[in-house]
Amino acid sequence: MQTLALGIDIGGTNTAYGIVNRRGEILMKGSLPTTGHATVADYIAAINTELSPLLEKLGRDNVVGVGIGAPNGNFYTGEIIFAPNLPWQGVIIPMANLVGEALGIKAILTNDANAAAIGEMAYGAARGMKDFILVTLGTGLGSGFVANGQMVYGHDGLAGELGHVIAERNGRKCNCGRYGCLERYASATGIVITAELWLAERTDETSLRGHNGKLTARMIQEAAQKGDTFALELYEYTAMILGQTLADMVAVTSPEAIVFFGGLANAGDMLLVPAKKHLEEQLLNIYKNKVKILKSGLPDADAAILGASALAW
Ligand SMILES: [Zn+2]
């Protein structure tokens, strides 16, 4: 019986992997650098060198397959498409095929936020739910939509880009070339941009002054935890933009819950309590007091591996 799945999370710097059982327990894990390989073929060779002996030991017949989470991953084609944060830019990489052939097991790929959503559904906060939205608040903002018990992939496999929904018309310029995208406000990057704009405009006392362009979301979190009112106001503003945009999203899929994941979500109540308040204020009447706001149920360090592995089942 196939009782194990391999999960691989391809990040911009590191590629993490783990062997996971059906209960979502990681039995073995490790990582290798994503960078430093001259070609994609070299990277695949490194994955093979790292993982083939492991699969040999476990017995390939015991492993149902490998699930891969990657930025700009397309579930239908198994390709990574023009991922901006990976070393091989401007190319389409048939990653699922390459990894599957190298390791000799079935391979399935999706984007990292969809993998996180599937992980929450399989082992985390959304267990048993058929309708929810997963929002990852990291450097950027990723999302996965589950509706009627299924991941929403869209006709081309690229659905669910909440980070690039317009939160403010003609607002901040986004890396995607458009203006006012949600992730320019509600992400670790976004809250730092807000802080720097406010520091330039305002004169109120805050411990966040004087970092000369080196301010981080973590510094803002630490200041807010110490009661810095400027930092708390940053969370309130970020939560307002997030809550307003999510209220619009609720009108599309009517989710039972919105599950938050990632670095900025670790601020917990400082962000999620005001986000819930603004969401409720902006929701259409028929949705009010129905949508749960939840923090990820997956352990932070292992969530990406768990999410990827859940794809394989
Ligand atoms: Zn954008």
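One-based numbering, in listed order, for ligands and for the atoms of each. Small disclaimer: the values here were computed from a predicted structure and weren't measured. Hydrogens, waters and symmetry mates play no part in the numbers below; they use all other heavy atoms, side chains included. Residue numbers start at 1 and run along the sequence shown.
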Quiz item: Distance only, no hydrogens: is a donor on one side chain within 3.5 Å (strictly under) of an acceptor on the other, for S52 and R60?
Solution: yes

Quiz item: Under 2.8 Å from the Zn ion (ligand 1), protein N/O/S atom count?
Solution: 4

Self-check item: For E101, salt bridge (charged side-chain N to carboxylate O under 4.0 Å, His left out) partners two or more places apart
Solution: none

Practice problem: Could you list the residues that satisfy side chain to side chain donor-acceptor pair (under 3.5 Å) with E120, not counting sequence neighbours? | Solution: S296

Quiz item: Charged N to carboxylate O under 4.0 angstrom, D228 versus K226?
Solution: no

Enumerate, atom names and distances included, each donor-acceptor pair closer than 3.5 Å involving a side-chain atom of residues 246-255, sequence neighbours excluded.
none

Quiz item: Would you call E196 and K214 a salt bridge, using N to O less than 4.0 angstrom?
Solution: no

